[in-house]
2 protein chains.
Amino acid sequence: MSKGNKITIHDISKALNIDSSTVSRALNNSPRVSVKTREKIQKKATELGYQRNSLASNLRTNRTNTIGVIIPRIARHFFATVIAGIEETAYEEGYNVVICQSLESLDREIKIMNSLASNRVDGILISTSMETSKFDHIKSYIDNNNPVVFIDRPSEAFPECSNISIDNFKASYDATKLLIEKGRKHIAHFSGPQNIGLYQERKKGYMSALQEHNISINKNYIFESILSEEDGISCAKKLLKYPEIDGLYSANDTAAISAIQYLKTKGIQIPKQIAVIGFNNDPISEVIEPSLTTIHQPGFEMGKLATEMLVHQIKNKSDKGIHHSKILVPELIIRKSSENE
Amino acid sequence: MSKGNKITIHDISKALNIDSSTVSRALNNSPRVSVKTREKIQKKATELGYQRNSLASNLRTNRTNTIGVIIPRIARHFFATVIAGIEETAYEEGYNVVICQSLESLDREIKIMNSLASNRVDGILISTSMETSKFDHIKSYIDNNNPVVFIDRPSEAFPECSNISIDNFKASYDATKLLIEKGRKHIAHFSGPQNIGLYQERKKGYMSALQEHNISINKNYIFESILSEEDGISCAKKLLKYPEIDGLYSANDTAAISAIQYLKTKGIQIPKQIAVIGFNNDPISEVIEPSLTTIHQPGFEMGKLATEMLVHQIKNKSDKGIHHSKILVPELIIRKSSENE
DNA sequence: TTCAAAAATACAATCGATTGTATTTTTGTT
DNA sequence: AACAAAAATACAATCGATTGTATTTTTGAA
């Protein structure tokens with residue numbers, strides 16, 4: 001017993017002198033087993049401390065009732081909310097969830113995909129890493145007729161795949177427009193890696209807003225980085241070379257926040273001298289002084305929608321060709337860092 | 001091929017007219033297969049797009065090379081750092097990690113344990129939920145000779161089990177002592193649920209510091225809650241009924257931070273009127289004004305150590321009786337919220 | 001009481017990989 | 001050339017549960 005020898009249906013079968021197939025059916029509440037027998041079996045099962053071996057079951061049925069999730073980093077607020085949405089829907093639909101973080105490394109992403117694939121998860125939700133410019137690992141998984149839904153970072157490489165994302169262009173356009181409307185004339189942009197479509201869009205939205213308001217684009221005002229905390233500081237340093245800059249739109253909150261803190265130490269008044277807008281609505285954005293105007297992405301809803309799509313694909317593998325995608329509209333949250341008074 | 005019929009070793013076996021046992025050994029680099037044959041097999045395997053079925057493999061070998069992790073909430077900074085430590089060590093040791101969050105719900109915790117157990121993870125790292133006062137689910141898992149290591153929230157119910165935690169008493173004692181040394185005479189405490197040992201310890205440390213400095217304990221100054229953001233505000237409200245209070249030690253940062261924000265709106269000067277110390281070193285604690293003095297728990301190290309212990313247990317199931325535990329010393333990080341000038 | 005239909009249960013193959021044992025092939029020594 | 005030892009490969013059982021088919025038992029109508 002406590003020797004670690006797990007109880008199997010065969011042990012129950014022997015103990016009651018009932019065939020293991022009947023035991024299996026009883027434990028699965030099959031109507032093919034009489035109520036009397038079923039109860040006898042279930043009683044014996046708990047008595048012996050039986051616990052189903054999912055490995056065996058999954059091997060036989062060729063399903064795991066498990067969804068794999070690959071995201072860059074679970075600690076990031078946005079992804080944490082996405083996960084919450086995923087788990088809620090998955091739970092409702094009777095699926096388990098395996099969460100894996102690529103830490104923005106392609107190498108890890110590939111290893112994770114292989115592991116999930118070899119463990120035969122029923123489908124994968126993925127937000128690709130910043131490094132991901134090759135897609136062989138995803139392609140071979142999809143080619144093998146496995147369901148995949150992209151989250152937040154849709155991949156141009158798989159136009160036929162479902163993906164759920166937000167309108168980055170519009171959000172950026174609106175944020176930049178707000179700064180312009182507040183009278184800011186020289187607006188800088190902290191931009192992310194341009195191999196990621198989402199950061200391209202954010203830059204485009206910024207540029208488009210300037211153009212449409214007849215403000216010429218100054219390339220010197222665009223600072224590209226991976227938007228880490230350190231990048232926020234170093235970009236802020238560079239930004240100070242242009243004293244005319246009176247506005248900043250950062251493609252994420254992390255960089256915006258560390259920039260604000262750095263600028264404050266340099267005696268710059270926020271928002272009086274430089275108005276700032278971030279992206280993501282991280283919890284810190286509410287607490288920092290001044291509180292940060294930012295863009296809220298509906299992560300929870302995205303997670304829910306993506307999971308619904310994936311589950312649909314899992315259940316209807318046939319119509320996999322159909323392209324179901326959704327682009328949600330993020331919300332501009334106006335706080336003090338962008339206001340004149 | 002793209003019909004979703006996965007390639008198995010038997011397909012390779014047939015294609016090359018080599019027995020499947022040899023194929024299996026070749027793919028596992030067994031020395032029992034000649035180099036020539038092995039290369040032929042591996043070439044064919046990649047050619048056919050073979051991918052091992054871990055379900056079958058794990059069923060046969062009775063090992064999954066996977067560690068299950070159950071924690072209350074992955075989004076919490078402390079747990080995020082613990083996970084980072086777990087993943088790093090697990091990765092080095094060749095284990096996969098499955099991360100699950102109980103969301104502080106016993107019901108979910110039980111479901112997760114069953115799922116991990118039935119998927120035959122090799123061992124479990126757990127930080128129990130706030131609701132967990134019954135331990136049957138953990139007991140039966142342990143009784144079945146499965147390795148478990150407790151993290152952060154050691155369980156008195158399993159003195160024979162390994163656990164890795166911090167010295168909550170000392171950390172609290174030191175924090176309270178600091179406030180006393182700064183001349184604070186009326187120190188309040190935001191305390192957590194007392195069914196959790198860790199919060200008991202934090203309260204004891206607080207009380208002990210007061211006693212040893214000849215400050216009488218005023219029960220009215222102790223506010224118990226689950227230390228959520230809302231609790232921070234409501235406890236701060238109650239605290240204002242005692243205008244003599246000039247210091248606050250909160251058992252977590254979340255409540256401390258929302259309290260500070262509330263108190264600021266009421267015109268209370270922090271730290272001048274009330275000095276504040278939190279617990280956890282959440283990222284926000286650095287950004288809030290005034291920056292929050294707090295206690296840093298070595299989450300990363302805890303995750304690493306716990307994983308090392310668990311892996312050791314997995315590899316040496318025999319000496320499971322041996323009790324390996326470690327209590328780490330957290331670090332008091334002094335920022336502005338506790339300083340007089 | 002008889003017997004066909006329905007219900008309950010048993011039989012046996014299967015999922016895909018692993019592994020102890022048996023057999024065949026190769027090697028090298030005399 | 002003969003043959004034992006070593007190397008390489010094949011055979012076959014196994015992990016634990018599921019499931020289509022076959023068999024037995026029960027039910028109830030005539």
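Residue numbers start from 1 in every chain, and the chains themselves are labelled A, B, ... in the order their sequence lines are given, proteins ahead of strands. Side-chain atoms are counted along with the backbone in the values below, which use heavy atoms only and exclude waters and symmetry mates.
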*Check the distance between C/dT14's P and A/N62's CG and give it to me in whole angstrom.*
16 Å

*Think B/T37 has a side-chain N or O under 4.0 angstrom from the OP1 or OP2 of D/dT9?*
yes

*So does A/K134 have more than 12 non-hydrogen atoms from other groups sitting under 6.0 Å from NZ?*
no

_Sugar-phosphate, base or nothing in reach of A/N58, heavy atoms under 4.0 Å_ = nothing

*Just call it for B/I18: base, sugar-phosphate, or nothing, with non-hydrogen atoms closer than 4.0 Å on any strand.*
sugar-phosphate

*Determine the contact category for A/T8: base if any of its heavy atoms lies under 4.0 Å from a base atom, sugar-phosphate if only primed atoms, P, OP1 or OP2 are that close, otherwise nothing.*
sugar-phosphate

_Counting the atoms with a prime plus P, OP1 and OP2 as sugar-phosphate, which does B/R25 contact under 4.0 Å by heavy atoms, base, sugar-phosphate, or nothing?_
base

*In whole angstrom, what separates B/N17's CG from D/dA10's C1'?*
11 Å

_Spacing of B/M309 atom CE and B/K304 atom NZ [to the nearest 0.5 Å]_ = 14.0 Å

*May I ask you to verify whether the side chain of B/R38 and the base of D/dT9 hold a donor-acceptor pair under 3.5 Å?*
no

*Determine the contact category for B/S57: base if any of its heavy atoms lies under 4.0 Å from a base atom, sugar-phosphate if only primed atoms, P, OP1 or OP2 are that close, otherwise nothing.*
sugar-phosphate

*OP1 or OP2 of C/dA7 sitting under 4.0 Å from any side-chain N/O of A/S34?*
no

*Hey, does the side chain of B/T22 come within less than 4.0 Å of D/dA10's phosphate (OP1/OP2), counting only N and O?*
yes

*Which base, if any, makes a Watson-Crick or G-U wobble pair with C/dA22, both distances under 3.5 Å?*
D/dT9

*Report which part of the nucleic acid A/V23 touches: base, sugar-phosphate, or nothing (heavy-atom distance under 4.0 Å, all strands).*
nothing

*Hey, is A/K315 close enough to A/E308 for a salt bridge, meaning N to O under 4.0 Å?*
no

